[in-house]
Amino acid sequence: MHRWSQLFIPTLREAPADAEVASHKYLLRAGYIRQLSAGIYSYLFLGYRSMRKISEIVRQEMDKIGQEFYLPALHPRELWEASGRWSLMGDNMFRLKDRKGADLCLGFTEEEVMTEIARKELRSYKQLPQIWYQIQSKFRDEPRPKSGLLRVRQFTMKDSYSFDLDAAGLDISYKKHYETYCRIFDRCGLQYMAVEAHSGAMGGSQSHEFVVNTNAGEDFVVSCPNCRYAANLEKATSRLEPVEDYKATGTGEPELVHTPGLKTVEEVANYLGVSPKNKMKTLALMATETKSGAEKPHEVPVILFLRGDHTLNEAKLSTALAGAQFRPMHLEEIQAVFGAPAGFLGPIGSEGRQYKGIKARVLVDQALLGRKNLIAGANKEDYHLRNVTPERDFTVSEWTDLRSVGEGEGCPNCGTTLKIAKAMEIGHIFKLGYKYSESMGARVLDQNGKEVAPIMGSYGIGIERILTAAVEQNHDNDGFWLPAAISPFEVVVTPTNVKDATLLSTSVQIAEQLAGAGFDVLLDDRDERPGVKFKDADLVGIPFRVTVGKKVTEGMVEVVPRSTHQMLDANIRDITSHLEKLLRPAHS
RNA sequence: CGGGGCGUAGCGCAGCCUGGUAGCGCACCUGCCUUGGGCGCAGGGGGUCAUCGGUUCAAAUCCGAUCGCCCCGACCA
């Protein structure tokens, strides 16, 4: 049992003007956290107590499938050179030098350290599978820390890594993590979704994100209200309504139309009285590729074609370009590649286009497959073409999924209209494949005595994100309430007046009784007016309050759930069983 | 990094345009009063006005630079 009067719980009437999202405001106001610098926070008593409970849930569940390690946060450069990520991570990595001038970095994630251990220690298939995890600080020099604890530069991550002999083994390790993550987030009391995710430039064949719906989130998630389909917008696909193609005009061959000064899809479609769905959109980009030969990176022109009303999904393009960086072409580059200005670019002749002798890569979105008689740019200023038909008028070497799912489109599985909502990522699981074991040289002997690289997976949970998500999901104008399992206390006992000896002694007795029954109890024994205590109790997230007031003379107190404020009178004799029903429903 | 905004007491803000006295609310300390939703009265403490430099008899205020923080766009737990 803790006594509020002796604790440091610095609650604030007003939130600092800098705080915008609910979780940031309320965690500050409730005295959970204080900011030290951009994206760097201190956790005070209540905040850290909640974090410890979250970590403990994660630990208990992870211990069922893996083994906990504790790895260094300080890593030598050589380790990251070995995996090729020392340069790849760029400015996102915190780097430093030791007194001898040797380069070090702060742990961004721990594939390298784990793989280093595997490389040195694992020798035989008999030692596989392994699942190793830790709960540790991670350091990322984010370009833009934001939204309180949502995007920070130092945070706590549970990260685990699996090593298996083959893909079938990886499937099992992956599934174990999937199920474990569900148990963890269930126990933390979150409403979450597992969605298919973009595996990023790091490769890897399969990946799921665990997300929580909230407007404070930074991702968009596409989900089907009917079947179980759910995916990050970066990865999502949809079923498109069929589009009626126009009848060919004239000879049916591509035919120039004069479109003076009309550059956008909208303008051209309006002018010609056609639908953007029957127009092609052309995008011209420059990608930066680094050949595996490891010389200097060079730029490759990339030409993309999409349906006129569709938008490019940059994550999908990134996958199509194997992770290469890209940027829009400059106007001079467009002129040089197409011989025409932006706004009038089109597909005909794309195969032969090049820039400074480097042949352009041409990608065509799948939604154009089978379409006919489209409107497209003519690669001639102030002209477009009618009757453009892919594969007849220009060759398509790659049909690719490049478009973002739009509002109102159908589920790829069942056709029901998809929902798109903002979400916050709280966990992510990846099948890594052989990337690290190969690059770093981890090898075991298989049953035949042959040397093989173990196949890996990597799995993360953001501990602070769980707290942040819970606050985002459960707040009102007075503060927030946490699921009991991750709240710093389960119940606060509030005497309305500590100068009244009966109220105080009854409160102490109730608090001790509840603590004795295994509840995590806070006694608000401060000499404050009841209003102050009620306001603070509402602010700090504790899910239940027991108010000890005048009714003690009749042997009664009030039990108030924070989420609803629906107070119930309870007999003091029954207070323990009353709270057991509320807080331990499974046992009673 | 590109764009925008802001730095004055622990928090929220005014003062700056038009240079000369640093102010308000909350919080904090003392006393009284009060005790079911941030109560009241009286007294009090606390500020290198982000930093550095310039202009001036005189700078929170005008000028320049730097730093920090927040927000909007490319990255991720």
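None of the values given here were measured: they were computed from a predicted structure. Chain letters run A, B, ... following the sequence lines, proteins first and then strands; every chain starts at 1.
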Could you check whether [X] gets within reach of a base, just the sugar-phosphate, or nothing at all, counting any heavy atom under 4.0 Å?
X       : answer
P16(A)  : sugar-phosphate
T109(A) : nothing
G427(A) : sugar-phosphate
E142(A) : base

Query raised in the report: Taking the six-membered ring for Trp, are F45(A) and H2(A) ring centroids under 6.0 Å apart?
Result: yes
Query raised in the report: What about the rings of F155(A) and F139(A), do their centers lie closer together than 6.0 Å?
Result: no
Look at the side chain of [X] against the base of [N] and say whether a donor-acceptor pair falls under 3.5 Å; ignore hydrogens and angles.
X       : N       : answer
R327(A) : rG2(B)  : no
R545(A) : rG37(B) : yes
N497(A) : rG36(B) : no

Report task. Would you verify whether the NZ or CZ of K431(A) falls within 45 degrees of the ring axis of Y174(A) while also being under 6.0 Å from that six-membered ring's centre? Result -> yes
Query raised in the report: With nearest nucleotides of RNA chain B determined for N92(A) and K550(A) from heavy-atom distances, which residue corresponds to the more 5′ nucleotide?
Result: K550(A)
Requested in this report: Could you tell me whether the side-chain ring of F155(A) sits stacked on the base of rA77(B), using a centroid cut-off under 5.5 Å and a plane angle under 30°?
Outcome: yes
**Report entry** R29(A) bridged to E14(A) by N-O distance under 4.0 Å
**Finding:** no
